[in-house]
Amino acid sequence: MTEDGYVGEERDRRLAKLDALRAAGTDPYPVRFDRTHTAAEIQEHWEHVEAGGETDDVVRVAGRLLLIRRQGKLTFATLRDGTASVQLFVSDAVVGAEVHQAFDELDLGDWVGVEGAVMRTKRGELSVKLRAFELLAKALRPLPSKWQGLTDVDTRFRMRYVDLIANDDARRVFAIRFSVIATIRRFLAERRYVEVETPVLHAQAGGGAARPFETYHHALEMPLSLRIALELHLKRLLVGGFERVFEIGRVFRNEGLSTRHNPEFTMLECYEAFADYTDMARLVEELVAECARAATGSTTVAAGDRELSLAPPWPRRPMLDLIQEHAGVAVHPSQPVGDLEAICDRLGVARQAGWGPGKLVLELYEKTVEPNLFGPVFVIDYPREVSPLARIHRADPALVERFEPVVLGRELGNAFSELNDPVDQRQRFEAQARLAAAGDEEAHGVDEDYLRALEYGLPPCGGLGIGVDRLVMLLAGVTTIREVLLFPHLRPEAGETGDEGGTG
RNA sequence: GCGCCCCUAGCUCAACUGGCUAGAGCAAGUGACUCUUAAUCACUAGGUUCGGGGUUCGAGUCCCCGGGGGCGUACCA
C-alpha cells in the first residue's frame, strides 16, 4: 500500500517549512504559552465594542488557525480554541511587512498564540489586532474542506481528532456526553451516593446475561473474563456497610456490533440500601430529566418528527398488562409452557425449544410491545425465570420486582428490588448454571463468593443500571452508538499491523 | 453471523448504455488586493478510481476473490 495517510505534496511542503523555521532560529514546537483570555472570554467581555471600535485592552489568546483571508496588506484569520473562535486582524500598518509576511507563512491547522488589542472591524467582527504572534505547533497535514467538513463515516470515527476539528456536530454531541456524566456524578453525590471502582478483571463474569471476553493472566496461570456488569461487586459493598454506592464504568460484551452495540460501553450502576424498585424508578426519572436539563437545557428532546417529554413522573405499566393491551392476549408465567408456546406461534413470535414460560412471556413483550412504546415509561414486574438477581414480587411469586425504563422503543436501563435471600439466590444461580451447561453462552454459573457475601447479610436494597451511551444518544438525538463514543471499535485499517510504509 | 448497498485528488463530489487525455469546488502554489466572514479575481500543479485477478479492441463502469465501511436483521445496554 502507499504510505499510511499519504497526503501528497502538501505534507512535504509543510515539512520543508519546519526546516526553514528551524534554520531561522524558530522552534516550531515551543514549550508553552501564557494566555490571558480564552476566545469565549474575549467574545463576552468585549461584546459592547461597536463596529469600527478600538480598545487598548491587550489580550493573549491561543488556538488553532482555521481560516485565513488574505487581503493585500491586511490579513483576517479565524482562530479557535476550546471555547469559541475569535478573528485575528493583521495589518502591515501595525506589525510591519516582515511580521505580516511571517504570519502569512502559517498554514491552516497550525496552533498559534497571539498578542494584541481587542477591536471590532468596520464590518462588525470582534477581533484581536495582532501585535505579535508565536507558532505553537506546526500542523503537517491539511484540514478537511472548510465548507463540507469531513463526512466519510469511517474516516470520522477512525480519525476522531479530525472529526472534532472539522465538525461542529461532533463537538456538540460530546459536550452532551460530558455533561451527562458530570450530571450523574453530581446528582448522585447530592443524594449521598459514594462513587467506587470495582475490578474489571473477573475470575467469573456475572451480573448480567451476556457472553464475556476471555483473557489470561500469565503469572497466575489462570483464565480471566472482562466484566459484563458491575452489579455483584457493588452489592458486596452493601454487605460491607456502604448504604449508597455507584460506579460509572466500562463493561465488555462479546457480541455482535450494530448501531446500538459496541463491544465496550459505559454503564452506570447504583445501589441503595433500604430502598426498593419503586424508589429506583423515582431516581431514574429524576436523574434522566436532570441530565436532559443540564445537557440540552430542556426536558424535551426531538425524536424524529415528534417531541418527547422526559419530565417526571413517567407511567408505571406492568409487563403483563402491556402484553394484553398490545397483543390482545392474557398471559402469565405461571401458565403451562405449551399454552404460551401456542400463543407465540399464533402471534408469529419466534421461539426456541426449551424456553421456559418466563422466557416466552418476555419474548412476547419484546416482540409485540417494546418497539411500540414511545415512552418514557417504566415497564414493571418481569418473569422470575429471566431475572436471576431480582427479588420475588411481593404480590406474585411468578414475577420479580423489576423494571426497565423504555424510551423510543428501547430500554435505557434495568432495575430491581435486589434479591438478598442467599438460599433463593443459590437456587437461581444453579438454574443459570444448568442453562450454561446446556450451551447458553450468556448464562453463568454459581458465584460462591457472592453467595458467601449474601450469607453475611445484604440489606434490602434497590439497584439500577443505565446504559450511559444510550442515554447520551437519546439526549443528543443521534441514532448510532458510534456517534457518542469518542473512539468506537473499528476493524484495524488495512496494513495497520502489516508491512506499512513500504514506499515511504 | 446473514442480506442489501458504498469506496474516484488532502476534503466534498462528477464522469451517459463499457468509449477521447477521469472533471469540478474547497485545500495547495504563483500573482493582484488595507475591513474580510466559505473573501474575491487570474494562472498553475495535484489521481495506484480500496487491493488483486479476469472478460473485452477498450474497464472508474461488467465478473470473481480479498479489505474497509454503512444500513437492515439477530442478541443486548
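Here the structure is a predicted model, which means the values were calculated and not measured. Letters go in sequence order (proteins before strands), and every chain restarts at 1.
Looking at A/Asp168, its side chain never comes within 3.5 Å of a backbone N or O of A/Arg171 through a donor-acceptor pair. Within the 3.5 Å criterion, the main-chain N or O of A/Gly413 finds no donor-acceptor partner in the side chain of A/Arg470. When atom types are taken as modelled, the side chain of A/Ser127 and the backbone of A/Glu125 share a donor-acceptor pair closer than 3.5 angstrom. A/Glu269 places a side-chain N or O within 3.5 Å of a backbone atom of A/Glu231 that can act as its donor or acceptor partner.
For A/Tyr277, the side-chain hydrogen bond (donor to acceptor under 3.5 Å, both in side chains) criterion is met by A/Asp381, A/His393, not counting sequence neighbours. Taking the side-chain hydrogen bond (donor to acceptor under 3.5 Å, both in side chains) definition, one finds that A/Ser387 meets it with A/Arg402, sequence neighbours left out. Scanning for side-chain hydrogen bond (donor to acceptor under 3.5 Å, both in side chains) contacts around A/Arg351 gives A/Asp345, with sequence neighbours left out. Shown here are the side-chain hydrogen bond (donor to acceptor under 3.5 Å, both in side chains) partners of A/Arg120, two or more places apart in sequence or in another chain: there are none. By the salt bridge (Lys or Arg N to Asp or Glu O under 4.0 Å) test, A/Arg131 pairs with A/Glu115, sequence neighbours left out. Partners of A/Glu195 by salt bridge (Lys or Arg N to Asp or Glu O under 4.0 Å), not counting sequence neighbours, listed by chain and number: A/Arg185.
Among the protein residues, A/Thr78 comes within range of no part of the nucleic acid, since none of its heavy atoms lies under 4.0 Å from any strand. Across all strands shown, A/Gly465 has no heavy atoms under 4.0 Å from either base or sugar-phosphate atoms. Using a 4.0 Å heavy-atom cutoff across all strands shown, A/Leu143 reaches no nucleic acid atom at all. Using a 4.0 Å heavy-atom distance criterion, A/Gln87 is classed as a base contact. Among the protein residues, A/Arg482 comes within range of the sugar-phosphate backbone only, with heavy atoms under 4.0 Å from sugar or phosphate atoms but none that close to a base. Residue contacts shown for A/Ile481 include a base, since a base heavy atom lies under 4.0 Å away. A/Asn254 comes within 4.0 angstrom of nothing in the nucleic acid, heavy atoms only.
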Anything under 3.5 Å between a protein N or O and an N or O of nucleotides 29-31 of chain B, put it in a table, one pair a line.
| unit_1 | atom_1 | unit_2 | atom_2 | d |
| --- | --- | --- | --- | --- |
| B/G29 | OP1 | A/Arg13 | NE | 3.4 |
| B/G29 | OP1 | A/Arg13 | NH2 | 2.7 |

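Residue order along RNA chain B, read from the 5' end via each residue's closest nucleotide, puts A/Ser258 first among A/Phe265 and A/Ser258.
An OP1 or OP2 oxygen of B/G10 is reached within less than 4.0 angstrom by no side-chain nitrogen or oxygen of A/Lys146. Regarding contacts with the backbone of B/G67, every side-chain N or O of A/Arg491 stays at 4.0 angstrom or more from both OP1 and OP2. OP1 and OP2 of B/A28 both lie 4.0 Å or more from every side-chain N or O belonging to A/Arg14. Between A/Thr155 and B/C11 there is no side-chain polar atom (N or O) within less than 4.0 angstrom of OP1 or OP2. OP1 or OP2 of B/A27 has not a single side-chain nitrogen or oxygen of A/Ser145 nearer than 4.0 Å. Checking the phosphate oxygens (OP1, OP2) of B/U34, no side-chain nitrogen or oxygen of A/Thr121 falls inside 4.0 Å.
Side-chain atoms of A/Glu247 and A/Thr198 include a donor-acceptor pair closer than 3.5 Å. A/Ser225 and A/Glu214 share a donor-acceptor pair across their side chains, judged by distance under 3.5 Å alone.
Of the candidates A/Phe76, A/Phe133, A/Phe103, A/Phe103 is the only one forming a side-chain contact (heavy atoms from CB on, under 4.5 Å) with A/Leu88. The residue from A/Arg64, A/Arg141, A/Arg11, A/Arg13 that alone fulfils the salt bridge (charged side-chain N to carboxylate O under 4.0 Å, His left out) condition with A/Asp107 is A/Arg13.
Using a 4.0 Å cut-off between charged side-chain N and carboxylate O, A/Glu401 and A/Arg391 make no salt bridge. At a threshold of 4.0 Å, the pair A/Arg14-A/Glu10 counts as salt-bridged, since one of the basic side-chain nitrogens sits closer than that to a carboxylate oxygen. A salt bridge does not link A/Arg211 to A/Glu255: none of the charged side-chain nitrogens sits closer than 4.0 Å to a carboxylate oxygen.
Going from atom NE2 of A/His261 over to atom P of B/U73 covers 12 Å, rounded to whole Å. The distance from atom CZ of A/Phe157 to atom C1' of B/G70 is 10 Å, rounded to the nearest whole Å. Per the geometry, CZ belonging to A/Arg11 stands 17 Å off C1' belonging to B/A27, to the nearest Å. To the nearest angstrom, P of B/U34 lies 7 Å from CD of A/Gln71. A straight line from CG of A/Leu257 to C1' of B/C71 spans 14 Å, rounded to a whole angstrom. As rounded to whole Å, 11 Å separates atom C1' of B/A24 from atom CD of A/Gln148. To the nearest angstrom, P of B/U37 lies 16 Å from CG of A/Leu88. The interatomic distance linking A/Arg69 (CZ) with B/A39 (C1') rounds to 7 Å, in whole Å.
Comparing B/C35, B/U37, B/G69 by their nearest atom to the side chain of A/Met119 picks out B/C35. Considering only side-chain atoms of A/Arg470, the nucleotide from B/C76, B/U34, B/U12 that sits closest is B/C76. For A/Thr480, the listed nucleotide lying nearest its side chain is B/C71; candidates were B/A39, B/U34, B/C71.
Remark: A/Glu363, A/Glu366, A/Lys367 in residues 360-382 of chain A come within less than 4.0 Å of RNA chain B through at least one heavy atom. Scanning residues 405-416 of chain A for heavy-atom distances under 4.0 Å to RNA chain B yields A/Glu411, A/Leu412, A/Gly413.
A/Arg211 contributes no side-chain N or O that forms a donor-acceptor pair with the base of B/C76 under 3.5 Å.
Nucleotides B/U8 and B/G52, compared at atom P, are 16 Å apart to the nearest Å. Only the C1' atoms considered, B/G72 is 26 Å distant from B/C63, to the nearest whole Å. Separating the C1' atom of B/A28 from that of B/C11 is a span of 12 Å, rounded to the nearest Å. Distance noted for atom C1' between B/C13 and B/G18: 22 Å (whole Å).
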*What dot-bracket string describes RNA chain B from 5' to 3', counting Watson-Crick and G-U wobble pairs whose defining distances are under 3.5 Å, with [ ] for crossing pairs and | for pairs to another strand?*
(((((((..((((.....[...)))).(((((.......))))).....(((((..]....))))))))))))....
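Taking the six-membered ring where tryptophan is involved, the planes of A/His202 and A/His233 are tilted, since the angle between them lies from 30° to 60°.
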Using a 3.5 Å cut-off and no angle test, enumerate the donor-acceptor pairs between side-chain atoms of residues 49-59 of chain A and protein atoms at least two apart in sequence or in another chain.
| unit_1 | atom_1 | unit_2 | atom_2 | d |
| --- | --- | --- | --- | --- |
| A/Glu54 | OE1 | A/Lys129 | NZ | 2.8 |
| A/Glu54 | OE2 | A/Lys129 | NZ | 3.4 |
| A/Thr55 | OG1 | A/Asp57 | N | 3.1 |
| A/Thr55 | OG1 | A/Val118 | O | 2.6 |
| A/Asp57 | OD2 | A/Trp46 | NE1 | 2.6 |

*Which letter, B, S or -, goes with each nucleotide of nucleotides 3-8 of chain B from 5' to 3', with contact meaning a protein heavy atom under 4.0 Å?*
------
